[in-house]
Amino acid sequence: MSMEDRITELEIALVHTQRVCEQLNEIVTELSLEAQRRDREMKRMVDQLKELKGKVSERGGELEDEKPPHY
């Protein structure tokens, strides 16, 4: 195998590796954005739960003691 052939194969391998790295970077970016969205949603739900517990305790009850409406 000539030096030129080896260089050509290395260039092909490099291009393939670069493409895979770009694809992986896109996936990591998407997952990061999704994790940030979930974190915001989780914070919103925690805030809502705290607010609900506050309203229940203002009425003099405990959330655990509340029976669902169908009882």
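Atom set for the values below is all heavy atoms of this structure, side chains included, hydrogens, waters and symmetry mates excluded. Because the structure is predicted, anything quoted here is derived from the model rather than measured.
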Would you give the length of the straight line joining atom CG of Leu10 to atom CE of Met3, rounded to the nearest 0.5 angstrom?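 Between Leu10 CG and Met3 CE, I get 10.0 Å after rounding to 0.5 Å.
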
Between Thr8, Leu14, Val15, which is the residue that forms a side-chain contact (heavy atoms from CB on, under 4.5 Å) with Ile12?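 Between Ile12 and the candidates, side-chain contact (heavy atoms from CB on, under 4.5 Å) is satisfied uniquely by Thr8.
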
If a pair satisfies salt bridge (charged side-chain N to carboxylate O under 4.0 Å, His left out) and one of its residues is in residues 8-19, list it, with sequence neighbours excluded.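 Applying salt bridge (charged side-chain N to carboxylate O under 4.0 Å, His left out) to every pair that reaches into residues 8-19, excluding sequence neighbours, yields nothing.
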
Has Met45 got more than 12 heavy atoms of other residues, nucleotides or ligands less than 6.0 Å from its CE?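 Yes, because the 6.0 Å sphere around CE of Met45 holds more than 12 heavy atoms from other groups.
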
So does Glu4 have more than 12 non-hydrogen atoms from other groups sitting under 6.0 Å from CD?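 No, not enclosed.
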
For Ser2, check side-chain hydrogen bond (donor to acceptor under 3.5 Å, both in side chains) against everything at least two apart and list the hits.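 side-chain hydrogen bond (donor to acceptor under 3.5 Å, both in side chains) list for Ser2, sorted by chain: Asp5.
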
Between side-chain atoms of residues 20-41 and protein atoms elsewhere (two or more places apart, or another chain), which donor-acceptor pairs fall under 3.5 Å?
unit_1 : atom_1 : unit_2 : atom_2 : d
Thr29  : OG1    : Asn25  : O      : 2.8
Glu34  : OE2    : Arg38  : NH2    : 2.5
Glu41  : OE1    : Arg44  : NE     : 3.4
Glu41  : OE2    : Arg44  : NH2    : 2.4

